[in-house]
Amino acid sequence: MSVLTLSTSSAATLRADAVVVGVAKGPEGPVVVPGGETVDQAFGGKLAAVLETLGASGGEGEVTKLPAPDGVKADLVLAVGLGDAPAKDGSYEPEALRRAAGAAARALSGRKKAGFALPAEDGASVAAVCEGALLGAYAFTAYRGKDDKAKGKGKKGGKKDGADAGTPLAEVIVLGAKPRDKAHKAAAERAEVVAAEVNRARDLVNTPANDLHPKSFAAAVQSAAKEHGLEVEVLDEKALAKGGYGGILGVGRGSANPPRLVRVAYRPSKAKKTLALVGKGITYDSGGISLKPAGHNETMKCDMSGAAAVFAAVVAAARLGLAVNVTGWLALAENMPSGTATRPGDVLTMYGGKTVEVLNTDAEGRLVLADALTRACEEKPDAVVDVATLTGAMMLALGGRTFGVMANDDAFRTTVHETAEEAGEQSWPMPLPTHLRKGLDSSIADISNMGERMGGGLVAGLFLKEFVAEGTPWAHLDIAGPAFNESGPFGYTPKGGTGSAVRTLVRLVERTASGDAL
Ligand code: BES
Ligand code: MN
Ligand code: ZN
């Protein structure tokens with residue numbers, strides 16, 4: 001990840017490859033936003049006019065690069081659009097700053113050092129600029145060829161101006177922020193942890209399924225647990241069989257890569273509350289015997305995004321030293337068709353004893369989550385939240401940038417939705433209409449894994465609800481849309497794995513620590 005520093009240098013005097021200034025959409029064209037004054041002066045006060053001549057409007061995410069004039073020590077001036085200017089005397093929303101910083105950082109990939117002269121005055125705005133820049137300066141480079149890797153190290157083969165597209169900006173300097181100001185320093189430190197953990201989740205999601213399977217995922221958790229002092233327990237296929245985890249085993253049995261259930265826990269001494277986080281960790285979803293058609297399986301390495309988010313959030317809670325017990329449950333399996341795979345029509349006996357008739361082996365997420373939810377509830381947490389790329393239906397309902405929030409408790413659903421908003425993640429409350437439950441009735445078992453097609457995301461939520469202990473507040477985040485960005489990058493969001501839900505979970509742990517979530 002990029003190195004982050006705060007600096008009180010002026011935008012004009014900072015020696016760097018680039019200096020980023022903000023430009024907003026004013027009623028009469030682009031306007032330079034606070035932070036960019038000294039750069040504007042070097043342009044003779046005509047930066048906005050120059051930008052307008054170049055066709056810039058200040059629209060959100062718009063990037064304009066200019067050679068630095070005399071009086072600006074950086075090589076390049078990058079003007080990034082923030083969208084509409086806030087009402088008079090108002091300040092920019094953190095999310096607008098986060099997105100602008102991210103878009104600028106992305107546009108500076110391949111450069112070494114950039115100053116961000118955006119309006120960062122209070123803790124919240126410093127946090128947003130730091131987080132946006134660090135999240136925007138992300139690239140998944142593990143699978144690049146040797147030549148590209150050499151470029152990445154900046155040794156040879158790079159372009160003359162030092163810009164190697166695809167190599168993240170190395171050094172982020174947030175200007176206007178004071179390294180000695182307690183609030184600014186705390187904001188930067190939190191942003192570093194949160195961005196690193198979002199990027200950890202992105203890396204896991206982007207890792208192809210031939211390298212990330214249940215065993216290697218579990219090993220990654222074990223090594224992070226060691227580094228950060230977390231409890232970790234991995235149930236392998238033998239332990240799962242002994243424990244009666246019929247859902248996880250039933251989904252994993254078609255694969256040469258056997259399933260795992262990982263419990264990873266952060267246990268600070270001063271904690272008053274316990275949160276259980278449960279993640280769907282299908283390292284590849286082929287659909288199983290109910291095989292997905294071509295065109296629907298190319299991105300299915302992303303089907304462990306929920307488990308990646310849970311893992312990253314537990315590590316983040318530990319690194320931030322939050323006073324809450326956080327237990328992550330990662331239900332890891334690879335859903336493959338084979339001679340040993342679960343057949344449509346088979347009945348599984350789940351952890352806890354309920355029986356499930358598997359009418360569609362592609363509805364596998366709810367099966368692994370059912371075991372993990374039942375197990376998580378046994379420890380009597382104050383609340384449980386599951387995160388899953390669960391249904392295509394949720395994507396159809398909410399699109400590619402918004403996750404659905406369902407719950408067995410209206411107040412908790414509202415809390416989670418508002419927490420996501422605070423964290424800068426788009427979500428929307430969805431209902432669990434009781435009349436859809438009868439579609440899940442099975443003629444031979446306690447329940448079937450397939451219900452009505454209409455409202456498929458809600459049907460999946462109703463299935464999960466059956467496996468949550470009575471009286472435990474539970475929320476279900478269906479991140480099928482936002483987990484994996486199949487279109488172009490935007491703001492601080494890259495193509496591919498996005499790290500969806502990590503920031504929401506971290507914020508939820510923080511709110512739980514301060515007593516205003518549960
Ligand atoms: N992993 C998929 C859901 C999904 C689809 C995630 C697209 C991300 C992008 C899930 O396991 C699945 O296949 N769900 C089925 C359920 C159906 C068979 C009841 C679906 O949504 O079609
Ligand atoms: Mn599936
Ligand atoms: Zn799936």
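The figures that follow rest on heavy atoms only: side chains count, while hydrogens, waters and symmetry mates do not. For ligands, and for the atoms within them, numbers begin at 1 and follow the listed sequence.
- Comparing Glu452, Glu486, His296, Met300 by heavy-atom distance to atom 5 (C) of ligand 1, the nearest is Met300.
- Ser487 and Asn485 are linked by a side-chain donor-acceptor pair at a separation below 3.5 angstrom, with hydrogens and angles left out of the test.
- Taking the side chain to side chain donor-acceptor pair (under 3.5 Å) definition, one finds that Thr498 meets it with nothing, sequence neighbours left out.
- Counting only protein atoms, the N, O or S atoms lying less than 2.8 Å from the Zn ion (ligand 3) are Lys280 NZ, Asp285 OD2, Asp303 OD2, Glu364 OE2, ordered by chain and residue number.
- Near Ala480, the atoms of ligand 1 lying under 4.0 angstrom from a non-hydrogen atom of the residue are 6 (C), 8 (C).
- Scanning all protein heavy atoms for the shortest distance to atom 10 (C) of ligand 1 gives Leu390 O, 3.3 Å.
- For the Mn ion (ligand 2), protein N/O/S neighbours under 2.8 Å (waters excluded) are Asp285 OD2, Asp362 O, Asp362 OD1, Glu364 OE1.
- Taking a cut-off of under 4.0 Å to the non-hydrogen atoms of Met395, the atoms of ligand 1 that pass are 7 (C), 9 (C).
- The distance from ligand 1 to the heavy atoms of Lys280 drops below 4.0 Å at these ligand atoms: 1 (N), 10 (C), 11 (O).
- The pair Arg200-Asp203 fails the salt-bridge criterion, with no side-chain N (NZ, NE, NH1 or NH2) lying under 4.0 Å from an Asp/Glu carboxylate O.
- Qualifying side chain to side chain contact (heavy atoms under 4.5 Å, CB included) partners for Glu227, counting only residues two or more places apart in sequence or in other chains: none.
- The pair Glu237-Arg260 counts as a salt bridge, with a side-chain nitrogen and a carboxylate oxygen less than 4.0 angstrom apart.
- The shortest contact between atom 18 (C) of ligand 1 and any protein heavy atom is with Asn360 ND2, 3.5 Å.
- Under the 4.0 angstrom criterion for non-hydrogen atoms, Lys292 is in contact with ligand 1.
- With a 4.0 Å heavy-atom cut-off, ligand 1 is reached by no atom of Met394.
- For atom 2 (C) of ligand 1, the nearest non-hydrogen atom of the protein is Asp285 OD2, 3.5 Å.
- Shortest contact from atom 15 (C) of ligand 1 to any protein heavy atom: Asp362 O, 4.0 Å.
- In this structure, Lys215 places its NZ atom where only 12 or fewer heavy-atom neighbours from other residues, nucleotides or ligands lie under 6.0 Å away.
- Using modelled atom types, one finds no donor on one side chain facing an acceptor on the other under 3.5 Å when comparing Asp386 with Trp329.
- Under 4.0 Å is where a charged nitrogen must lie from a carboxylate oxygen, and between Glu425 and Arg507 no such pair does.
- Residue contacts with ligand 1: Thr391 is placed with no nitrogen or oxygen under 3.5 Å of a nitrogen or oxygen of the ligand (distance criterion only).
- Within a 6.0 Å radius of CD in Glu421, other residues, nucleotides and ligands contribute 12 heavy atoms or fewer.
- Residues Glu93 and Arg98 are not paired through a salt bridge, judged by the lack of any N-O separation under 4.0 Å between the basic side chain and the carboxylate.
- Counting only non-hydrogen atoms, the option in Met450, Arg366, Met304 that gets closest to atom 16 (C) of ligand 1 is Arg366.
- Salt bridge status for Arg437 with Glu466: present, with a side-chain N to carboxylate O gap under 4.0 Å.
- A donor-acceptor contact closer than 3.5 angstrom is absent between the side chains of Thr493 and Arg401.
- Between Tyr351 and Tyr245, the ring-plane angle classifies as parallel under the 30° and 60° cut-offs.
- Under 3.5 Å, the side chains of Glu357 and Ser448 contain no donor-acceptor pair of N or O atoms.
- Contact between Arg453 and ligand 1 is absent, with no heavy atom of the residue lying under 4.0 Å from the ligand.
- Glu418 has no carboxylate O lying under 4.0 Å from a charged side-chain N of Arg413, or vice versa, which leaves the two without a salt bridge.
- Between Glu364 and ligand 1, at least one pair of N/O atoms sits closer than 3.5 Å.
- For the residue pair Thr419/Arg511, the side-chain donor-acceptor check at 3.5 Å is satisfied.
- Considering backbone and side-chain atoms together, Gly392 places an N or O closer than 3.5 Å to an N or O of ligand 1.
- Using bins of under 30°, 30° to 60° and over 60° for the plane-to-plane angle, the ring pair Phe140/Tyr143 lands in the tilted bin.
- Where the criterion is an N or O separation shorter than 3.5 Å, residue side chain and backbone included, Asp303 meets it with respect to ligand 1.
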